[in-house]
Amino acid sequence: MSSSAIAAATPEMIARYEPVIGLEVHVQLATATKIFCGCPTSFGAPPNTNVCPVCLGLPGALPVLSREAVELAIKGALALNCQVRPLSRFARKNYFYPDLPKGYQISQYDQPVAEHGFVDIVVDGVPKRIGVTRVHMEDDAGKSVHDGFKDSDRFSYVDLNRSGTPLIEIVSEPDMRSSDEAHAYLTELKQVIQFIEVSTCDMEKGHLRCDANVSVRLKGTEPFGTRAEVKNLNSFRFLKQAIEFEVARQVALIESGGRVVQETRLYNPDMDETFSMRSKEDAHDYRYFPEPDLVPLRIGEKWLGEVRASMPELPARKRARFTGEFGLSEYDAGVLTATRATAEYFETVAGVSGNPKMAVNWVMGDLMAMLNAEGKEIAESPVSAQNLGQLVKLVSGGELSGKLAKQIFPKMFSTGEPAGVIVEREGLKQISDTGALEKIIAGVIAANPRQVEQYQSGKTTVINFLVGQAMKATRGQANVAVVTDLFKQKLG
Ligand code: ADP
Ligand code: MG
Ligand code: ZN
């Protein structure tokens, strides 16, 4: 049935169905070298310069597994709550493509490096656990580059710099029931993988690629429908849009008496639609068999323990600790654990200042505003976490008024100097010394007899005016609490 013959699905029709979604996510591991040879993985090198006989797929060249790649795969797997298999095996996945000179990809099949994990998500305040079926390692193919417009100068090129770049593929259970859940799953997955520095997850560079498997079933029915797989979604927005398009397409097809066929589709963002690329290949089409050039991969308790010990605290744990230990709101804890750099920055400020609550306000307020205004990442902040911690400590300890701190902070931001240096140079220290303040207060009292009289006849709010005058006289440097106390003493 051609798609043009099918009436579009109405919202009422779509509402009768439940989407079922499983994601396959490819993540490029942040190793310096390729998975089976010593060639660099650096991005943007001239075409076909980061290559050797192994990643060119020359006959007789032998792959040697990178220890670093395995360690990153293990870290990724642990962060996704997977069980790492003590024994896993590489397998050849055979297919032809011009940018795959070996004629096969080295992947893992029935014995992947890890399995049985999960990712916890929250959508509209509802928590949900999404199963991770497996994590397996594989090498990436090269790139085909198509160029030219006229038939006479239309060429395709092959660049094998990417060939042999290490990937992990993370396969989820078909546990998601909406595009929002898929979006939340990918968000969480990306965050945790970046956090542990297993990958930069830079989607523009293709370091994170997502395939969405989508089917629909009538609400209240058990069996899954036939799925279509939408390949190579390279942005969060496209993931959502492609799923929503697919759901509507499949519902329309079923409602008009048709059948969904299992196939591989591509999403076209310009048209906001998916189109068929090829009918779905089955595992047997790839003729998987154990890779004869590589020994089985053994990951013993000792190695696993070492990798586990090298892992930082994961974002979910950190969030729980920030809300518990520091009393932050869920929202604040979420913002402050968005990246590892942010979390570490905040913890340093909290630690140095000894005032986590105040640290939250400074990091999420003034610091982030300034960074945003200048388009800087927190890692590039001109104000070090140590220096912001010192500033917050001065405020927290009453040595600096909040108002003065707000004046000093932009100076710290433009010069990178610590607060203390700026305070000294500009003579901005808070005046808490009662001797010095008493003179000023005497002056204010003498200059404002009417307000003094009002205060003494019971209109005590006038004290705010008098304190304000004293602050003005000291260019904001007086300690408000001390000044207020002194006025109360003097005026009885
Ligand atoms: P393949 O290797 O052929 O892509 P897998 O069994 O590994 O097949 O499944 C791939 C993905 O498809 C997994 O993420 C899984 O959760 C998902 N999936 C399986 N069945 C369905 C279904 N009926 N609807 C939606 N997703 C599904
Ligand atoms: Mg697949
Ligand atoms: Zn190489």
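Each residue takes its place number in the sequence, starting with 1. Order of listing sets the numbers, starting from 1, for every ligand and every atom in it.
- For an aromatic pair to be called close, the ring centres must be under 6.0 Å apart, and Y286 with Y109 fails this.
- Atoms of ligand 1 found under 4.0 Å from any heavy atom of V171 (numbered from 1 in listed order, with element): 13 (C), 14 (O).
- Residue F224 has at least one heavy-atom neighbour below 4.0 Å for each of these atoms of ligand 1: 23 (N).
- Ligand 1 has no N or O atom lying under 3.5 Å from any N or O atom of V214, backbone or side chain.
- Geometry about the Zn ion (ligand 3) gives an angle of 120° between SG of C55 and SG of C52, rounded in steps of 10 degrees.
- Each of V260, T226, V251 was checked for a side chain to side chain contact (heavy atoms under 4.5 Å, CB included) with V216, and the lone residue meeting it is V251.
- Those atoms of ligand 1 that come under 4.0 Å of a heavy atom in G225, given as number and element, are 23 (N).
- At a 4.0 Å heavy-atom cut-off, ligand 1 touches L23 through the backbone alone.
- Only the backbone of E173 comes within 4.0 Å of ligand 1, judged by heavy-atom distances.
- Crowding of E330 atom CD: a count of heavy atoms from other residues, nucleotides or ligands under 6.0 Å not exceeding 12.
- Between the side chains of E246 and Q250, a donor-acceptor pair is found at a separation under 3.5 Å.
- In terms of modelled atom types and a separation under 3.5 Å, the side chain of D159 and the main chain of P47 share no donor-acceptor contact.
- A cation-pi geometry, defined here as NZ or CZ lying under 6.0 Å from the six-membered ring centre and within 45° of its normal, does not hold between R298 and W303.
- Contacts between V20 and ligand 1, counted as non-hydrogen atom pairs separated by less than 4.0 Å, involve both the backbone and the side chain.
- Scanning R227, E229, Q262 for the heavy atom closest to atom 8 (O) of ligand 1 points to R227.
- Heavy-atom neighbours of K219 NZ from other residues, nucleotides or ligands within 6.0 Å: above the threshold of 12.
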